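Everything below concerns the one structure shown next.
Whatever order the structure lists them in is the order used to number ligands and atoms, beginning at 1. A quick note: this is a predicted structure, and the numbers were derived from the prediction, not measured.
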Amino acid sequence: MVLKRIMILITTAALLSSCSAVTSSTNPTAGGTQSPTQAPTQAASPSPAETPPTTMAGTGLPLLHGVNLGNMLEAPNEGDWGFKVQMEWFKAIKDAGFDHVRIPVCFSAHAAATAPYTIDPAFLQRVDEVVGWALEQNLGVVLDMHNNTEYCNDPNSQRQRLYGIWTELAEHYRDMPQSVVFEPLNEPNGNADLAWNKDAAALIAIVRKTNPDRWIIVDGSHWANLPSITDLKLPAGEKHLIATVHMYEPLKFTHQGAEWLQGSDAWMGTKWEGTSKDKQDVDDLLRIAALMGKKLGVPIYMGEFGAYNKADYESRLRWTDYVARQAEAQGFGWAYWEFCAGFGVYDSVAKKYDPKLLTALIPLK
Ligand code: BGC
């Protein structure tokens, strides 16, 4: 922990010295003064000067407040992890005040092993259907390649396949509205860490052949973690790029009892009280992302954040509210992880939101 803290301080200092502008692009409407130790309260009506933005800063895109349709299309087969995307959810998502969805999709589980790595047409049609449902509700879409573990384990043998899948996807979605944004790879990690900056540049070039103006969201290596975004490099002179971070810190709180994380049972009972140190730790990390955005000259999108439902409920509300407000204060768009599975804000059986968690995400006006 101490080491991590020192790392954050060093990283911040390094970034400060390399950025000419160090003030954060503050969203005046972010309401960052709300005490995270209280349940979120009704926000005062904004004065005309404080009219809330309707698009994510620097993009003109509806990427302010989103939700991840997690544990659905990024399973090996949709439904394997308990959920299939339902049409009716998109109206519920829109009505709740979200402006976009992030759709994690495991394309690599549905593409041929050999060139040209064709995606199963029936699967692609299903993704089209889901994207269409979002667009019908005027929701933005982040189309995210998720769980390409083959590439992360062995980038050298899987690189051409990753490129081939994106060649097909970019061609397939080239006529989509600008509110459909591509995310070429969720959370590069493992053996892909060192290969990633070069492969990201190659993927951007592939997309540009058919989508010259499409917005592209690029993850940093090391699982898009903070502060690893400092390793991200983007090709010079490229427009319409966004860098993304995933915010799950402190991990011992957000991932306590997570079945997929060995040792996380020992973290059970970890609370997030919202002490000044707790808040400072969050602020430090988000500030690194903000500084990195300035250094790279791109907007920042916090494409995942959330706390698992095994964590103390009040702590989850406090943390979610605090992280969302601070991200907004930095001008980041965000997408909560996730809609209705283990971190979920929506009960797909009762067909209703958890009202307190929803309010922590989108405070009442
Ligand atoms: C992973 C999910 C996981 C979530 C939180 C996502 O990127 O794909 O499986 O539940 O992060 O750890």
Between D199 and Y163: side-chain donor-acceptor atoms closer than 3.5 Å = yes
Which word best sums up how the rings of Y353 and Y346 line up, parallel for under 30°, tilted for 30 to 60°, or perpendicular for over 60°?
-> perpendicular
Donor-acceptor pair between Q256 and T270 side chains, under 3.5 angstrom | no
Does a side-chain N-to-carboxylate-O contact under 4.0 Å join D283 and R287?
-> no
Output the set of protein residues with a heavy-atom contact under 4.0 Å to ligand 1, ordered first by chain identifier and then by residue number.
-> H146, N186, E187, Y248, H255, W260, E304, W337, F343
Say whether Y308 and E259, considering side chains only, have a donor N or O and an acceptor N or O under 3.5 Å apart.
-> yes
Taking atom types as modelled, is there a side-chain donor on Y173 or D128 under 3.5 Å from an acceptor on the other?
-> yes
